[in-house]
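Report on one structure; see the data block that follows.
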Amino acid sequence: STQSTWGFQIRKQEQIMESQIFKSYLLLFNIQKAKNAGSLIRSAAAFGVSEVFLVDIDNPKKAMHKKLTFGSQGTENLITYHNFDSLQDIREHCTKNSINICGVEITPKAEPIHKHPFKGNTLFMLGNEGSGLNKNQVAICDHFVYIDQYTGKTASLNVAIAGSIVLHHFAVWANYKPWQIVGEKFDAIELNKKKEKDVQE
């Protein structure tokens, strides 16, 4: 049945993520545009992010419904969320659980992402579309990465695109097992397929 197939796919996905030696996390904070937040959720689902961290949101799926669903193609229902009261609470949680905080920003000590300067479990934090990481975000980071560009035609990438590139690099470095392909697409979980259909219509 569809329900049993969906349950099997969910269990298989959970088993794969539990087997990952190093886990990735994504912090959605100070992202202004709904389309970017939704696209980051979709990328988090695609690249094996264990949890999406949020700040000061009592009911993540209700309060951020528009941001989580715009462009996420139903994947917002397949993500685990962890809400915190403040950035400092996130810093304390990460320290306690041996999670490095990596800011995606060009700073004097930032390293290029293609060198994979990761040290273990990692929370990735991206900046605002216009102003980048604010000083409070910078203060809780352990290290920083940036994405090389090969022309001077633009000063930066879109935040959702940058996040997708970074999450993919971590998955490669952490040796995540690629999901199976069926035909010309990845074999998406049934719930996700239904949500994609609903959004497209």
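These numbers were taken from a predicted model, which means no experiment stands behind them.
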* Not counting sequence neighbours, list each pair that qualifies as a salt bridge (Lys or Arg N to Asp or Glu O under 4.0 Å) and has a residue in residues 158-167. => none
* To do: Just grab all the salt bridge (Lys or Arg N to Asp or Glu O under 4.0 Å) pairs involving residues 133-156, residues at least two apart or on different chains.
  => Arg91-Asp142
Ignoring hydrogens, what is the shortest heavy-atom contact between [X] and [Y]? Give both atom names and the distance.
X      : Y      : result
Cys102 : Thr122 : CB-CG2, 3.6 Å
Phe53  : Leu27  : O-CD1, 3.3 Å
Gln149 : Thr154 : NE2-O, 2.9 Å
Ile99  : Leu123 : CG2-N, 3.6 Å

* Check the pair Asn121 / Asn100 against side-chain hydrogen bond (donor to acceptor under 3.5 Å, both in side chains), numbers first and verdict last. => CA-CA 6 Å; Asn121 300 327; Asn100 296 291; over 6 Å; no
* Asked: Can you check whether Cys94's main-chain N or O pairs, donor with acceptor, with Tyr25's side chain at less than 3.5 Å?
  -> no
Going by the rule side chain to side chain contact (heavy atoms under 4.5 Å, CB included), which residues pair with [X] if we only count those two or more places apart in sequence or in a different chain?
X      : result
Lys115 : Pro112
Asn134 : Phe29, Asn30, Asn136, Gln137
Ile147 : Ile113, Leu157, Ala162, Ile165, Val166

Applying ring pair (Phe, Tyr, Trp, His ring centres under 6.0 Å), name anything that partners [X], two or more places apart in sequence or on another chain.
X      : value
Phe170 : Phe118, Phe124, Trp173
Phe144 : none
His114 : none

Quick one: pull up [atom1] in [X] and [atom2] in [Y] and give me the separation to the nearest 0.5 Å.
X      : Y      : atom1 : atom2 : result
Leu133 : Asn128 : CG    : CG    : 9.5 Å
Asn83  : Glu51  : CG    : CD    : 11.5 Å
Ile101 : Ile90  : CD1   : CD1   : 7.0 Å
Met125 : Ile140 : CE    : CD1   : 4.0 Å

Less than 4.5 Å apart, any side-chain heavy atom of [X] and any of [Y]?
X      : Y      : result
Pro117 : Val145 : yes
Leu26  : Leu126 : yes
Lys33  : Glu129 : yes
Ile41  : Leu28  : yes

Partner set under side-chain hydrogen bond (donor to acceptor under 3.5 Å, both in side chains) for [X], not counting sequence neighbours:
X      : value
Glu111 : none
His93  : Asn97
His116 : His169

* Give the C-alpha distance, both sets of side-chain angles, the deciding distance and a yes or no for side chain to side chain contact (heavy atoms under 4.5 Å, CB included) between Val55 and Leu87. => CA-CA 7 Å; Val55 177; Leu87 289 175; 4.3 Å; yes
* **From CA spacing to verdict: side chain to side chain contact (heavy atoms under 4.5 Å, CB included), Val138, Glu105** => CA-CA 9 Å; Val138 169; Glu105 189 76 273; 5.7 Å; no
* To do: Run through the side-chain heavy atoms of Ile, Leu, Val, Met, Phe, Trp and Tyr, join any pair under 4.5 Å, and report what else lands in Ile106's cluster.
  => Tyr146
* To do: Run the numbers on Phe47 and Ser24 for side chain to side chain contact (heavy atoms under 4.5 Å, CB included), then give the verdict.
  => CA-CA 9 Å; Phe47 299 128; Ser24 63; over 6 Å; no
